[in-house]
Amino acid sequence: MKTLFIDSTRKSLSVALASDSKLLFVSNVNSYSKHSNFLMNEIKNILEKANITIYEIDNIVVLNGPGSFTGIRVGVTTSKTICWTLSKKLYQMNNLKALELCSEGYVIPVIADNKTNGYVRVDGKDYYANINDELFNIAGKNINLVCMEESDFTNALLSKLSEKNEVNMQVVEDYDYIKIINAALSDGDINPHLADAVYIKRIDAEK
């Protein structure tokens, strides 16, 4: 079974191809949020490296937010279009959960938005939070704070949580693709028409 993985929720674009439990190819592109200019070409390149066509993949796993409005929409729209037109199965996963799978124990994955705000997953729920939110009044835990890059927000959160907890900040270089794909597949596929981009943060128009 061949699975195409797509993540356009971050500044970098990630595309991967797996066959059963073996990771075949990975492409990480520093597209600086201009993912629409790169995504289809990266999919094409990975399929060519594997010497297969898009018709030979069995399913797509896409990371669906939270994060940038435009970035998430690029990956989700591309994935659902391919799956609908070619009758492939579509699976999705929250990108904070994907980060959570990169560690063990009591994990708080975090994606910074700016100096004082970011996306976090605490006790299985996702939030767009300010550094001073009551959400972070946690005590007596051994916390693994997981992110893909240090930032003002992650460092401030590390400092705040360390007041009442034992905290280790784990900066991961890349996803555990096979673990994420297997977890997404176990959750079951979704109707491509029902795949809506997940932002969490209210956009200006909504405000």
Side-chain angles (χ1 to χ4, degrees), residues 1-31 33-104 107 109 111 121 124 126 146 148 172-200:
M1 181 175 63
K2 296 181 178 62
T3 300
L4 184 67
F5 170 94
I6 296 173
D7 174 31
S8 63
T9 65
R10 302 177 293 128
K11 292 180 180 179
S12 296
L13 173 69
S14 294
V15 180
L17 180 67
S19 179
D20 296 321
S21 294
K22 181 179 180 181
L23 185 63
L24 300 180
F25 298 100
V26 176
S27 174
N28 289 309
V29 180
N30 293 323
S31 49
S33 301
K34 296 182 179 179
H35 302 324
S36 59
N37 295 341
F38 293 86
L39 180 53
M40 291 306 297
N41 192 53
E42 291 309 307
I43 292 174
K44 177 176 177 290
N45 289 341
I46 273 191
L47 294 176
E48 287 179 349
K49 288 179 181 179
N51 196 30
I52 64 171
T53 69
I54 192 68
Y55 300 98
E56 295 176 79
I57 68 167
D58 298 289
N59 46 59
I60 293 178
V61 171
V62 61
L63 295 193
N64 187 358
S68 158
F69 178 90
T70 302
I72 297 168
R73 186 173 55 183
V74 169
V76 171
T77 301
T78 300
S79 299
K80 64 193 293 184
T81 300
I82 293 173
C83 289
W84 180 73
T85 56
L86 300 182
S87 298
K88 306 297 182 179
K89 290 187 176 182
L90 177 62
Y91 301 80
Q92 63 180 0
M93 178 177 285
N94 176 297
N95 61 353
L96 288 170
K97 183 177 179 180
L99 269 179
E100 189 175 43
L101 291 173
C102 294
S103 188
E104 296 180 349
V107 181
I111 300 172
R121 183 177 179 88
D126 303 324
V146 181
M148 282 194 157
V172 298
E173 294 184 358
D174 208 352
Y175 295 116
D176 185 334
Y177 292 98
I178 295 301
K179 194 172 185 179
I180 291 170
I181 289 171
N182 287 339
L185 297 182
S186 68
D187 287 340
D189 63 302
I190 63 171
N191 185 328
H193 290 290
L194 302 180
D196 293 323
V198 176
Y199 310 113
I200 294 183

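By convention here, the first residue in the shown sequence is residue 1. Only heavy atoms go into these numbers, but all of them, side chains included; no hydrogens, no water, no symmetry mates. As the structure is a prediction and not an experimental result, all values here were calculated from the model.
A side-chain hydrogen bond (donor to acceptor under 3.5 Å, both in side chains) check over residues 73-85, counting only residues at least two apart or in different chains, returns the pairs Trp84-His193.
The neighbour count for Asn51 CG, taken as heavy atoms of other residues, nucleotides or ligands under 6.0 Å away, does not exceed 12.
Closest approach of Asn30 to Ser12, counting heavy atoms only: OD1-OG, 2.9 Å. For Ile72 against Pro66, the heavy-atom pair with the smallest separation is CD1-C, 3.6 Å. When all heavy atoms are compared, the tightest approach of Asn64 to Ala197 is OD1-CA, 3.3 Å. Contact between Leu99 and Val146 at its shortest, heavy atoms only, is O-CG1, 3.7 Å. Counting all heavy atoms, side chain and backbone alike, Pro192 lies closest to Cys83 at CG-CB, 4.0 Å. Minimum interatomic distance between Phe38 and Val29 (heavy atoms only, all atoms of both residues): CD2-CG1, 3.9 Å.
Distance check, rounded to the nearest 0.5 Å: CD1 of Ile181 to CG of Leu101 gives 12.0 Å. The CG atom of Asn95 lies 10.0 Å from the CZ atom of Arg121; values are rounded to the nearest 0.5 Å. Annotation: the span from Leu47 atom CG to Leu24 atom CG amounts to 10.5 Å, rounded to 0.5 Å. Rounded to the nearest 0.5 Å, atoms SG (Cys102) and NZ (Lys179) are 8.0 Å apart. Taken from CG in Asp126 to CG in Leu96, the straight-line distance is 5.0 Å, to the nearest 0.5 Å. Distance check: Leu4 CG to Ile46 CD1 gives 7.0 Å after rounding to the nearest 0.5 Å.
Between Leu90 and Asp189, every side-chain heavy-atom pair lies at or beyond the 4.5 Å cut-off. For the pair Tyr175 and Leu63, the minimum side-chain heavy-atom distance is below 4.5 Å.
Side chain of Lys88 to backbone of Tyr55: a donor-acceptor contact under 3.5 angstrom is found. Side-chain N or O atoms of Asp20 include one that pairs as donor or acceptor with a backbone N or O of Met1 at under 3.5 Å. Using modelled atom types, one side-chain atom of Asp7 and one backbone atom of Thr9 make a donor-acceptor pair closer than 3.5 Å. Between the side chain of Glu56 and the backbone N or O of Thr53, at least one donor-acceptor pair lies under 3.5 Å.
Side-chain polar atoms of Asn28 and Asp174 form a donor-acceptor pair below 3.5 angstrom.
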- Using the side chain to side chain contact (heavy atoms under 4.5 Å, CB included) rule, take Leu13 and Val74 through it: C-alpha gap first, then chi angles, then the decisive distance, then the call. CA-CA 10 Å; Leu13 173 69; Val74 169; over 6 Å; no
*asked:* Evaluate Val198 against Asn94 for side chain to side chain contact (heavy atoms under 4.5 Å, CB included), listing each step before the verdict.
replied: CA-CA 8 Å; Val198 176; Asn94 176 297; 5.6 Å; no
Run the salt bridge (Lys or Arg N to Asp or Glu O under 4.0 Å) test on Lys2 and Asp58 for me, step by step, so that the C-alpha distance in whole Å, both residues' side-chain angles and the decisive distance to 0.1 Å come before the verdict.
CA-CA 5 Å; Lys2 296 181 178 62; Asp58 298 289; 5.8 Å; no
Notebook entry, point to check: Under the side chain to side chain contact (heavy atoms under 4.5 Å, CB included) criterion, do Tyr91 and Asp187 qualify, and how do the steps go?
Noted result: CA-CA 8 Å; Tyr91 301 80; Asp187 287 340; over 6 Å; no
